[in-house]
Each structure stands twice: as structure tokens, then as C-alpha cells.
Amino acid sequence: IMSQTNEQASRDTAPAGSIRFNTDSAKMEIYNGEAWWNIDSTSPQEQTGGTRGIRAGGYSATDRIEFFNIDTVGNATDFGNLTDARWGMGSASDRTRAIFAGGDSPGDVDTIDFITFAQQGNAVDFGNLSANRRYAVGGSNSTRSLLCGGAAGSTQYNIIEYVTTQTTGNADDFGDLTVARQSSSASACSPTRTVISGGYTAPAAGSTIDYVTTSTLGNAANFGDKTAAGSYGSGITSNAVRGLATATPYGTNSSVIESITIASLGNADDFGDLTQSRSALSNTASSTRAVFSNGFNPGTQNTMDYAFIPTRGHAVDFGNSLDTIVAGTSVSNGHGGLS
């Protein structure tokens, strides 16, 4: 005689990296240390032959979009053009689509463009921010893109807005940062969190690090502090575990790279150094590498560096950008928010 027993829920928390089959959704899921997430049925390798990095715009106002394979080394290649030339944009992405929001054209704009990673060509109109602004910082998971902070003229914003990446339309209100600021050093994303590092909080750069839960709505909370006040970077620079940012104080150049652990709270610590001291870079990442592009010192640069995210150490040469610019923005189809 066979007896029937009901399966009991586990009394222990699953370790990060655990995989299960969800019988309700009929999907494979992975536990990232905070929550269970669907395992993607696609990958950067399938979509673009490896994790594709995109760098767009830059000062003085270029409409260039270029791309590179983060998993290799080499120079960037022309991808297409933005709908108009501008610098100081925020950027975010999912596996197939990247968005570029706001910027100075000259004059602050509310434009949001998008491109498809696997299809070289020009950007297409997506919608608009709630107000004209430059130097917002982006963050994203597999469904939602956030645009945080920014400035218009001398006004600093604390606003966080969001869009659903695979649709088109105008941005909606998400909540507020803990302090109004523009030009954050970088954002770091896991599938659960978006972390916003530093930024220019008039009249000087700040060291505040905030975080939000990307899939909900609400105000940011304090995460910790940077190793030094810093601003003027752009892009998502993290895998799902560790976020990297440049620590450049406003008005100076620095070679410092600092790191945070996204799932925890606390202050940033030292990771290593860039190949060259500079400011106003654009940054992006795959699951293993961070790429730091362009910047200023003593003039505009086309330098691209990369660092290996899981281990600490100094960056090494990656190749060259097509343009010698500052204040561009970078994004990828393999950053930590998509793991």
C-alpha cells in the first residue's frame, strides 16, 4: 500500500546560486542571495556572439554610437547614430535593447532613444523624460530601466523615473534619491537592486551611495559612502555581485577604482587603478569584466581599459574608442542586473 505525503517547505534559506524548477510558472529559477529569479532562455553569446558593450554620445555633442565585445579586447566599431548629437545621457538595458535618456544637445533635453543590440543601425525614438535634464544615471533589471537624478541648468534633481524597457512611451515616477544630484560615478545592478554611487551635489561632489529595489516603487535608501567624493561617470558597471566605480572628485582626475558588494550595505573600498588618471569616463560590464572608456586628462581621451570584476587588481589596456570624448555613456547586454 502506497501512502501519500505532502512535500514540506524547506526550513533553510537556499544558498546563492541554487537552481530550482518552479512548477507554478514552469520555469527554471536561480536564487541570487535575495530572491528567486527566472533563468533567461537567451544569452549575450546567443544574441551578439558575446557580451556587447555600447558607448553613445559625448562632449562636444556627438551622435556616434559604437560597440565592442567585452569578452575580448580590441578597438570599438561604428554602430550607428543617436536621433540627435548630445552628451551627459543616462543609459540602461535588458538583453536585447538599450535606452539613452536626456542629455545636453546643446541645451538640456528630455529625449529617450533606443537601439537593438544585435542590429547595427541608428537609434529610434522611445519617448520622453518628465523634464529636460542631463547627467541622470541609469540602472536596470531584465524588465525595467531606471533614470536617477540629473540636472537642468543649475537645478539638481532627486527624481527617479522608470520605463518598461521592451515597450515605448514616456517615463513614470518611481521615487526620489536621498539627495538631489547629477553625474553619479556609476550605477551597479543585481536582478534585485540598483545602487547609485556618488554624484555632483552642488556646490561639490558627494560621497553618498543610495540603493533601490528595482522591481518596486519607492524612495532610495542609504547604502554607504564612496572612498572619496566623486562624480562624472556614466553607465552600469557591475556583475550581479560586485559593483565598480571610478572615484574621481569633481574638478580633478583620479586613477582609483572602488568596489561595493551589491547585496550588502556598507562603504566602498579600494579595488585597483586605471591605466591612466582621468575623469568623466563611461563605464559598463559583463559578468566578469568592467570596461572604462574615454575621459579627460589632460585633454579628451579615446583610451579604453578593462578590469576583471571577481578579483581585485589594476585595469589593463582594452583598445581605443573611435572618438576622443568625455561625458559619453556606456551600457551592455550582460551586466549584473540581467543575471
Side-chain angles (χ1 to χ4, degrees), residues 53 55 58-59 87-91 134-138 148-149 151 156 179 181-188 195-210 223-238 242-262 266-285 289-309 311-321 323-330:
R55 196 277 303 162
Y59 186 84
W87 52 275
M89 296 177 292
S91 60
R134 67 187 183 278
Y135 281 134
V137 66
C148 310
Q156 314 282 322
V179 62
R181 60 192 188 268
Q182 62 170 307
S183 311
S184 295
S185 296
S187 67
V195 181
I196 303 99
S197 177
Y200 181 74
T201 54
S207 61
T208 300
I209 306 174
D210 287 353
F223 183 97
D225 292 293
K226 289 171 61 63
T227 60
S231 60
Y232 291 97
S234 180
I236 300 171
T237 324
S238 71
R242 174 177 279 174
L244 303 185
T246 49
T248 311
Y250 175 69
T252 65
N253 298 302
S254 172
S255 64
V256 173
I257 305 169
E258 60 185 19
S259 73
I260 58 162
T261 301
I262 299 171
N267 297 336
D269 57 13
D270 185 66
F271 180 90
D273 293 296
L274 298 167
T275 62
Q276 169 191 8
S277 177
R278 57 196 196 272
S279 60
L281 298 81
S282 62
N283 316 313
T284 194
R289 286 182 170 186
V291 177
F292 308 93
S293 300
N294 301 99
F296 182 89
N297 185 21
T300 53
Q301 301 291 321
N302 67 354
T303 302
M304 299 172 69
D305 295 347
Y306 78 96
F308 190 56
I309 299 173
T311 61
R312 298 178 187 274
H314 301 318
V316 296
D317 182 63
F318 182 93
N320 295 107
S321 171
D323 297 317
T324 54
I325 54 96
V326 297
T329 192
S330 294

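All values derive from a computational prediction rather than experimental measurement. Hydrogens, waters and symmetry mates are skipped; everything else that's a heavy atom, side chains included, is used.
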Practice problem: For R134 and W87, indicate whether the former's side chain and the latter's backbone hold a donor-acceptor pair under 3.5 Å. | Solution: no
Quiz prompt | Closest approach of G149 to A136 (non-hydrogen atoms, all atoms of both residues) | solution = O-CB, 3.5 Å
Quiz item: Nearest heavy-atom pair of Q276 and T303: which atoms, and what distance?
Solution: OE1-OG1, 3.3 Å
Practice problem: Measure the spacing between OG of S91 and CD1 of I236 and express it to the nearest 0.5 Å. | Solution: 6.0 Å
Quiz item: Can you find a heavy atom in the side chain of D323 that is under 4.5 Å from one in the side chain of R55?
Solution: yes
Quiz prompt | Residue pair V316 / Y306, side-chain heavy-atom distance below 4.5 Å | solution = yes
Practice problem: Decide yes or no for R312 and F271: does some side-chain heavy atom of the first lie under 4.5 Å from some side-chain heavy atom of the second? | Solution: yes
Self-check item: Criterion side chain to side chain contact (heavy atoms under 4.5 Å, CB included) on V256 and D270, from CA distance to verdict
Solution: CA-CA 7 Å; V256 173; D270 185 66; 3.9 Å; yes
Self-check item: Identified side-chain hydrogen bond (donor to acceptor under 3.5 Å, both in side chains) partner of T329 from the options S293, S234, S282
Solution: S234
Exercise. With rounding to the nearest 0.5 Å, note down the distance linking OG1 in T284 to CG in L244.
Key: 11.5 Å
Quiz item: Any side-chain donor paired with an acceptor under 3.5 Å for D305 and T275?
Solution: yes
Quiz prompt | Approximate separation, where rounding is to 0.5 Å, of R242 CZ and T261 OG1 | solution = 6.0 Å
Quiz item: Partners of F292 by ring-ring contact (aromatic ring centres under 6.0 Å, His included), sequence neighbours excluded?
Solution: none
Quiz item: To the nearest 0.5 Å, how far apart are OG in S185 and CG in L281?
Solution: 10.0 Å
Quiz item: With a 4.5 Å limit on heavy-atom distance, are the side chains of L274 and I257 in contact?
Solution: yes
Self-check item: Closest heavy-atom pair and its distance - S277, S254
Solution: OG-N, 3.1 Å
Quiz item: What is the minimum heavy-atom distance between A245 and S197, and which atoms define it?
Solution: CB-OG, 4.0 Å
Quiz item: When rounded to the nearest 0.5 angstrom, what is the spacing between CD1 in I209 and CG in D225?
Solution: 6.5 Å
Exercise. Indicate whether the side chain of D269 and that of T227 have a donor and an acceptor atom separated by less than 3.5 Å.
Key: no
Quiz item: How long is the gap from OG1 on T246 to CD on E258, to the nearest 0.5 Å?
Solution: 8.0 Å
Quiz item: Any donor and acceptor pair, going by atom type alone, linking the side chain of R278 with main-chain N or O of N294 inside 3.5 Å?
Solution: yes
Quiz item: Okay, side chain of H314, backbone of G272: is any donor-acceptor separation there less than 3.5 Å?
Solution: no
Quiz item: Considering residues at least two apart in sequence or located in another chain, which fulfil the side-chain hydrogen bond (donor to acceptor under 3.5 Å, both in side chains) criterion with S184?
Solution: none
Exercise. Specify the closest pair of heavy atoms between A186 and V137, including all atoms of both residues, with the distance to one decimal.
Key: C-CG2, 4.1 Å
Quiz item: What pair of heavy atoms forms the shortest contact from I262 to F223, and how long is it?
Solution: O-CE1, 3.6 Å
Quiz item: Would a 4.5 Å heavy-atom cut-off, applied to side chains only, mark Q156 and T201 as touching?
Solution: no
Self-check item: Pair S330-N283, side-chain donor/acceptor within less than 3.5 Å
Solution: no
Practice problem: Check whether any side-chain heavy atom of T324 sits under 4.5 Å from a side-chain heavy atom of N302, and report yes or no. | Solution: yes
